[in-house]
Amino acid sequence: MTEPEPASRVIDPARVTARERYQLMTSLVVPRPIGWISSWSEDGVANLAPFSYFCALSVSPLLVGVSIGHRRDGFKDTLRNLRAREAFCVNVVTEALLVAMNESSAEVRPEVDEFDLAGLARAGSERVDAPYVAECPAVLECEVRREVDLGGAPNTLIIGEVVGIRLAESLPFEEGTMLVLPEALRPVGRLGGGAYAPPGPVRRLPRPDRP
Ligand SMILES: Cc1cc2nc3c(=O)[nH]c(=O)nc-3n(C[C@H](O)[C@H](O)[C@H](O)COP(=O)(O)O)c2cc1C
């Protein structure tokens, strides 16, 4: 192991450009889970796009949040659809689906179905009004609960409640728990820019005893 070096170079985020702030944050808040979000448009076109400003928010209620930046010329299809249908699915990005996830991020017109673009099959959820990626082994089915305007660029935070957790029959749990085994799921996180973190060897640490 290399000697730890103190972080003595201080960057004032107000003195760099928005692009540089984005580059700093996306390479330091890492690895980020990717909310790979599928939805229906108001007139029934399927939509699929990845969002790494995505996280789990609470367990009871079971909430997730996704921050969607606006385009110069209007809203992203995902935001439009989540407003219209009040539902979405979060498809967990695995090593096998990484390339397809990246292909689905293309900035295309609302009439274009990114499932087709990425060569993926669509399946319709019975529980929520949204499609999901048929090849994906783990999917969170969500209903939209709240929208928060984050201002700035601008960005909109959508908070959704998970009302269904769909898992492949073969996905194993750690014994005696409902912890999905990462060695079987093989999830991928996002680093800065086009860098991703495929699963390496998994380390397990016991939590320290409480006093
Ligand atoms: C891995 C990855 C993560 C992304 N994360 C975000 C994000 O958190 N917020 C965002 O607004 N765009 C994000 N994007 C860009 C969107 O995926 C992209 O704008 C997409 O075209 C939006 O599609 P839509 O118009 O169908 O909603 C990300 C792209 C990639 C490849």
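If you're wondering where the values come from, they're calculated on a predicted model, not measured in any experiment. Whatever order the structure lists them in is the order used to number ligands and atoms, beginning at 1.
Considering all non-hydrogen atoms of both residues, Thr78 and Ser39 come closest at CA-OG, 4.5 Å. Pairing each heavy atom of Arg166 with each of Ser125, the nearest pair is NH2-CA, 4.3 Å.
Contacts of Arg85 classified as salt bridge (charged side-chain N to carboxylate O under 4.0 Å, His left out), with partners at least two apart in sequence or in another chain: Asp129.
For atom 7 (C) of ligand 1, the closest non-hydrogen atom on the protein side is Phe51 CD2, 3.5 Å. Scanning the protein heavy atoms around atom 2 (C) of ligand 1, the nearest turns out to be Arg190 NH1, 3.5 Å. Regarding atom 8 (O) of ligand 1, its nearest protein heavy-atom neighbour is Tyr53 N, 2.8 Å. Of all protein heavy atoms, the one lying nearest to atom 5 (N) of ligand 1 is Ser52 N, 2.8 Å. Nearest non-hydrogen protein atom to atom 27 (O) of ligand 1 is Thr78 OG1, 2.6 Å. In this structure, the protein non-hydrogen atom closest to atom 12 (N) of ligand 1 is Lys76 NZ, 3.0 Å. Regarding atom 23 (O) of ligand 1, its nearest protein heavy-atom neighbour is Ala49 CB, 3.3 Å.
In terms of modelled atom types and a separation under 3.5 Å, the side chain of Asn91 and the main chain of Val133 share a donor-acceptor contact.
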Practice item. Tell me, with the steps shown, if Glu103 and Leu120 meet side chain to side chain contact (heavy atoms under 4.5 Å, CB included). Key: CA-CA 10 Å; Glu103 281 168 10; Leu120 294 164; over 6 Å; no

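Ala106 counts as a contact of ligand 1, since one of its heavy atoms falls under 4.0 Å from the ligand. In this structure, His70 has no heavy atom closer than 4.0 Å to ligand 1.
A distance of 10.0 Å separates CE in Met101 from OG1 in Thr94, rounded to the nearest 0.5 Å. Distance OG1/Thr156 to CG/Leu82: 11.0 Å, rounded to 0.5 Å. Taken from CD1 in Ile68 to CZ in Arg83, the straight-line distance is 8.5 Å, to the nearest 0.5 Å.
Of all atoms in ligand 1, numbered sequentially from 1 with element shown, those under 4.0 Å from a heavy atom of Ile68 are 11 (O). Atoms of ligand 1 found under 4.0 Å from any heavy atom of Ser105, numbered from 1 in the order shown, are 17 (O), 18 (C), 20 (C), 21 (O), 31 (C). Taking every non-hydrogen atom of Glu114 and a distance limit under 4.0 Å, the qualifying atoms of ligand 1 come out as 26 (O). Listed by atom number, the atoms of ligand 1 under 4.0 Å from Asn47 heavy atoms are 24 (P), 26 (O), 27 (O).
Annotation: Gly69 places an N or O atom under 3.5 Å from an N or O atom of ligand 1; distance criterion only. At under 3.5 Å, not a single nitrogen or oxygen of Tyr196, backbone or side chain, sits near a nitrogen or oxygen of ligand 1.
A salt bridge is defined here as a Lys NZ or Arg NE, NH1 or NH2 lying under 4.0 Å from an Asp or Glu carboxylate O, and Arg72 with Glu107 fails to meet this definition.
Remark: among candidates Ser67, Pro110, Ser39, Pro50, the nearest residue to atom 9 (N) of ligand 1 is Ser67, based on non-hydrogen atoms. Proximity annotation for atom 22 (C) of ligand 1: of Arg32, Arg71, Glu107, Arg71 comes nearest, heavy atoms only.
Within the structure, ring pair (Phe, Tyr, Trp, His ring centres under 6.0 Å) contacts touching residues 13-58 (residues at least two apart or in different chains) do not occur.
Counting only N and O atoms by type, the side chains of Asn47 and Ser41 include no donor and acceptor under 3.5 Å apart.
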